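Take a look at the structure set out below.
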Amino acid sequence: MAEAITAPQRTTAVRRWHVSEHKVAALVLVTPALLVIVGLRIVPLVLGAQYSLTGDGARNGVFVGLSNYQVLAGDPVFRTAIRNVGLLFLALPVAVAVPGILATFLFLKVPGHRFYRSVYFFPVVLSPVIIGAIFNILLSFDGPLNQVLTKAGLPPVDWLGNSHVAIFAVIGVHIWATFGMALVIFMAGFSTLDQSLLDAARCDGANLMQTVRHVVIPELSRTIQFVFVTTMIGMLTGMFGLVYVMTAGGPGGATYLPEFYIWVTQGQMNSPALASAASMVLFVLMLLVGLAQVRLIKRATKEA
Amino acid sequence: MPERGIGRWVVAVPMFGLALATIYPMLFTLNVAMKSRREYVLDRFSLADQVTAANIAEAWNSSGLGRYTVNSVVVTAGAVALLLLLGSMAGFAFSQLTFRGRRWLFLVCLGALMIPFQVIMVPFFRVLGQTGLLDTHFGLILAYTGQFLPFTIFLMTSFYSRIPAEVVEAARVDGSTTLGVYRRIMLPLGLPALLSVGILNALFCWNDVLISLLVMQSEHNRTLMVGVTALRGQYSDNIPLFAGGVLVAALPVIAIYLFFQRQITDGVTAGATKG
C-alpha cells in the first residue's frame with residue numbers, strides 16, 4: 001500500500017487510517033463468501049466422510065468402521081456403476097479428440113466457421129433434462145431412428161431398453177451434448193497461439209499434420225490438459241439428468257453411474273450412510289482424475 | 001498453417017454434416033410439437049400440416065408448467081443475485097486488497113471447486129432438514145449459491161485483477177472508503193464480467209435437476225426442469241404433447257443463447273486460458 005501514498009504532508013495519518021480501514025473492509029467483503037463456502041461445501045464434505053463410517057437404519061450414528069465400503073464392493077449395482085465409469089474413461093479420448101480436430105478446422109477458418117461454432121455449442125446450454133427428453137423421443141423403440149433403420153433393411157435396436165446398448169446410448173448422447181464445450185475451450189487456446197511459430201513451421205515446409213504434432217500440441221499442452229480434466233469431471237458429475245430422464249438407471253441397473261447410485265441410495269433406499277461412502281469413492285475418483293491427467297499430459301508433451 | 005482452397009472445402013462437408021446432426025434433433029422436436037397425435041403415429045418425419053402452438057399451449061395449461069416456471073424464476077433470480085453480490089465482494093478483496101491469509105483463503109475457495117454436489121448431498125440434505133430449509137425456495141437458493149460460488153469468485157477475481165491498483169488507490173486518496181470503492185468503482189467497472197457470470201449462473205440454476213430434486217420435495221415447489229421429467233409419464237401416449245412441453249421449457253434458454261452467446265462462451269473459456 002505504501003507506494004500509493006502520493007500526498008507527502010499527510011502520509012502518516014493517511015497510511016494509519018488506511019491500514020485499519022482497509023483490513024476491516026477486506027474482512028467484511030470476504031467473510032460472507034467464506035461462510036457460504038465453508039458452511040455449504042467444506043463442512044458437508046467432512047460430515048460426509050464421517051457419515052460414511054457410521055451405520056444405517058437401526059445402527060444409525062453408530063461407528064461401523066469400513067463396513068459401508070465393504071458393502072459397496074460387494075454390491076452388483078455399484079460395481080456396474082464403477083464399470084460404467086471405466087467405459088467413460090474409454091470414451092474420453094474420443095470426447096477430447098473430436099472437438100480438438102473440429103477446433104483445428106475452425107481455426108483454419110473453414111467457410112462458415114462462426115456459424116459452426118454457434119451450432120456446435122448450442123446443446124451445451126440446454127439442460128440434460130431437455131436433451132434427455134428429446135432423445136427419449138428419437139431413441140424410443142417405435143421412434144424415428146428405428147424407423148430409419150427398418151427402412152434401410154436393418155433390424156431395429158432397443159436403444160434404451162437393451163442392457164448392453166443403453167449405457168452406450170447415454171454416453172453417446174452426453175458426448176453429443178457437450179463436445180461444444182471442449183470445442184470453445186480449444187478455440188480459446190488456439191487464439192493464444194504464437195502466429196510466428198506457425199509461420200516458421202510453414203517456412204520449414206511442415207505439412208498440417210507435422211505442424212499440429214510439433215507446434216500446436218506442445219504449445220497447447222495446458223489447454224489440452226484442461227480439456228481432459230474438465231471433460232472427465234463433466235462425465236463423472238454431469239450425467240445425472242440424462243440417466244434420470246433416459247433410463248432411470250435401467251434396464252436392470254445397467255446404466256447406473258456413481259452419482260445416480262448416490263441419489264437412489266440416499267433417497268429411495270434410505271441408506272444415507274452407504275450413500276456417503278459412495279460419495280467418498282466418487283470424490284477420490286475426481287481427485288485421481290485431476291492428478292493422474294496432469295502427470296500424463298506432462299509426460300506426453302515431453303516426448304512429443 | 002496451410003489453407004489451400006480445396007482442402008478447406010473437403011473438411012467443410014463433415015463439418016456441415018455434424019452441424020446438421022447437432023441441430024436436427026431440436027428441429028425434429030419442433031416439428032413434432034406442431035403435429036397432431038395422429039399425424040405423428042402415421043409418419044414421424046413428415047412436415048407438420050400447419051404451424052401451430054396448440055400442443056405447446058395445451059402442455060403449458062394442463063401440466064402445471066406455469067407454477068414450476070415461477071418457482072424456477074424465483075430461485076434462479078435469488079441465487080444469481082446472491083452469487084453476484086458475494087462473488088464480486090470476495091473477488092474485489094482477493095484481487096485488490098492485501099490482508100493476512102489472502103492467498104490461503106483464496107485457495108480454500110478454489111479447492112471447493114473440486115467438491116461436486118454429489119459428494120456432499122447426503123450431509124447437505126440432513127443439515128437442510130434440521131434447519132427447516134428443506135422444500136423451501138430459500139433452501140434451494142442457498143444450495144445453488146454454495147454450489148456455484150467458488151466458480152463465481154474465481155472469475156470475478158481474475159477479472160478484477162486486471163484493473164490497475166492505481167484506480168483503487170486514487171479513489172482512496174480522494175477520501176473514499178474501501179467499501180465505497182467497491183460500491184462506486186468496482187461494481188460499475190465489473191458490469192461486463194457480472195453480466196457474463198450472471199448469465200452462466202442463471203443457466204446452471206435453471207438447468208439443474210439433481211439439487212432441485214433433492215431440496216424441493218413437494219409437487220407445488222417443483223422447478224421447471226423437474227416438471228419436465230414428469231411429463232414423460234404423463235404424455236407417454238401423446239408424443240407431440242410431450243414435445244410441446246419440452247419445447248416450452250427450452251425456449252427461455254434458447255432465447256438467452258441467441259442474445260448472449262458471446263458472454264456465455266467468454267465465461268466458460270475464461271478459466272481455460274489462464275491455465
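In this text, all values refer to a predicted model and were calculated from it rather than measured experimentally. In what follows, every chain begins at residue 1, and chains take the letters A, B, ... in the order their sequences are listed.
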*asked:* Below 4.5 Å, heavy-atom pairs only: which of B:P150, B:A170, B:A249, B:S88 has the largest tally toward chain A?
replied: B:P150
_Check: A:V129 and B:V246 side chains under 4.5 Å, non-hydrogen atoms_ = no
*For residues A:V36 and B:L86, report the shortest heavy-atom separation together with the two atoms involved.*
CG2-CD1, 3.8 Å
_Greatest number of heavy atom pairs closer than 4.5 Å to chain B - which of A:Y116, A:W263, A:F283_ = A:Y116
*Among B:R100, B:E166, B:M26, which has the most heavy-atom pairs under 4.5 Å with chain A?*
B:M26
*Count the heavy atoms belonging to other residues, nucleotides or ligands that lie under 6.0 Å from CZ of B:F99, then report whether that count exceeds 12.*
yes
*State whether the side chain of B:N207 and the backbone N or O of A:V125 hold a donor-acceptor pair below 3.5 Å, judged by distance alone.*
yes
*Look at A:V98, A:I37, A:L287 and state which one has the largest set of heavy-atom pairs under 4.5 Å with chain B.*
A:I37
_Within the 4.5 Å heavy-atom criterion, are B:P25 and A:F135 side-chain neighbours or not?_
yes
*asked:* Please report the interatomic distance CE(A:M181) to OG1(B:T265), rounded to the nearest 0.5 Å.
replied: 10.5 Å
_For a 4.5 angstrom cut-off between non-hydrogen side-chain atoms, does B:L18 reach A:F179?_
yes
*Against chain A, work out which of B:L105, B:V228, B:V226 has the most heavy-atom pairs shorter than 4.5 Å and name it.*
B:L105
_Expected output: side-chain B:R232 to main-chain A:A133 donor-acceptor under 3.5 Å_ = no
_Using 0.5 Å steps for rounding, measure from the CD1 atom of B:I239 to the OG atom of A:S140._
6.0 Å
*Under a 4.5 Å cut-off applied to non-hydrogen side-chain atoms, are B:M15 and A:L106 in contact?*
yes
*asked:* Looking only at heavy atoms and a cut-off of under 4.5 Å, which of A:V43, A:L27, A:D142, A:V28 has the most pairs with chain B?
replied: A:D142
*Would you mind telling me which of A:H113, A:M187, A:M286, A:R41 has the largest number of heavy-atom pairs within less than 4.5 Å of chain B?*
A:R41
_When you compare the side chain of B:Y40 with that of A:P144, does any pair of heavy atoms fall below 4.5 Å?_
yes
*Please say whether the positively charged group of B:R126, taken as NZ for Lys or CZ for Arg, lies over the ring of A:Y51, i.e. under 6.0 angstrom from the six-membered ring centre and within 45 degrees of the axis.*
yes
_Interface moiety of B:Q147 toward chain A, non-hydrogen atoms closer than 4.5 Å_ = both
*Non-hydrogen side-chain atoms of B:R102 and A:V30 separated by less than 4.5 Å*: no
Return all side-chain donor-acceptor pairs below 3.5 angstrom for residues 107-122 of chain B, not counting sequence neighbours, or 'none' if the list is empty.
{"from": "B:Q118", "atom 1": "NE2", "to": "A:T237", "atom 2": "O", "distance (Å)": "2.8"}
{"from": "B:Q118", "atom 1": "NE2", "to": "A:E259", "atom 2": "OE1", "distance (Å)": "2.5"}

*Heavy-atom pairs under 4.5 Å with chain B are the metric here; pick the option from A:I137, A:V245, A:L282 that has the most.*
A:I137
*Output, in order, the C-alpha distance, side-chain angles, deciding distance and verdict of side-chain contact (heavy atoms from CB on, under 4.5 Å) for A:F122 and B:T22.*
CA-CA 8 Å; A:F122 175 52; B:T22 308; 5.5 Å; no
*Look at B:L142, B:L213, B:V209, B:V127 and state which one has the largest set of heavy-atom pairs under 4.5 Å with chain A.*
B:L213
*Note, B:V268 side chain near A:F121 side chain (heavy atom, < 4.5 Å)*: yes
*Interchain contact, B:F204 with chain A, by part (heavy-atom threshold 4.5 Å)*: neither
*Hey, does the side chain of A:Y244 reach the backbone of B:T229 with a donor-acceptor pair shorter than 3.5 angstrom?*
no
*State the CD1-OG1 distance between A:I134 and B:T29, to the nearest 0.5 angstrom.*
4.0 Å
*Could you tell me which residues in residues 256-263 of chain B have at least one non-hydrogen atom under 4.5 Å from a non-hydrogen atom of chain A, sorted by residue number?*
B:Y257, B:Q261
